[in-house]
Novice: 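Below: one structure in structure tokens.
All of these numbers come straight from a predicted model, not from anything done at the bench.
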Amino acid sequence: MLHIQTIQSLEMPGLELYRTLRRSEEHERAGVFVATNAKVVQRLLTTDYPLLSVLLTPAWLEKLE
């Protein structure tokens, strides 16, 4: 189910993984994969892997819809 929410600040609850993008060891310990490359994100969206969230600009959201 797609739930789109406008983000006003990265300080919002639930965005911790986006605030720590350069700390891949924390993501690994949490058991999550964080994709930051556009091609990787596009490919990931076509798979059956469960997604926790996707953080996009409005332009990228429109492009990927």
Novice: For E25, is the CD atom crowded, meaning more than 12 foreign heavy atoms sit under 6.0 Å from it?
Specialist: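 Yes, CD of E25 has more than 12 neighbouring heavy atoms, counting only those of other groups under 6.0 Å.
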
Novice: Could you report the tightest heavy-atom contact between V40 and A35, atom names first, then the distance?
Specialist: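 Closest pair (atom of V40, atom of A35, distance): CG1-CB, 3.6 Å.
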
Novice: Considering only distance and modelled atom types, tabulate donor-acceptor pairs under 3.5 Å from the side chains of residues 47-60, sequence neighbours left out.
Specialist:
residue, atom, partner, partner atom, Å
T47, OG1, L44, O, 2.7
T47, OG1, Y49, N, 3.3
S53, OG, Y18, OH, 2.6
T57, OG1, W60, N, 3.2

Novice: Determine whether Q42 and K63 make a side-chain contact, defined as any pair of heavy atoms from C-beta on separated by less than 4.5 Å.
Specialist: yes

Novice: Grouping I, L, V, M, F, W and Y whenever their side-chain heavy atoms are under 4.5 Å apart, do L15 and V34 come out in a common cluster?
Specialist: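 Hydrophobic grouping puts L15 apart from V34.
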
Novice: Which pair of non-hydrogen atoms, one from R19 and one from M12, has the smallest distance, and what is that distance?
Specialist: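 Residues R19 and M12, closest heavy atoms: NH1-O, 3.3 Å.
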
Novice: Tell me the side chain to side chain donor-acceptor pair (under 3.5 Å) pairs involving residues 7-17, sequence neighbours left out?
Specialist: none

Novice: Within the supplied structure, the quantity of interest is the number of heavy atoms (other residues, nucleotides, ligands) at a distance under 6.0 Å from E26 CD; does it exceed 12?
Specialist: yes

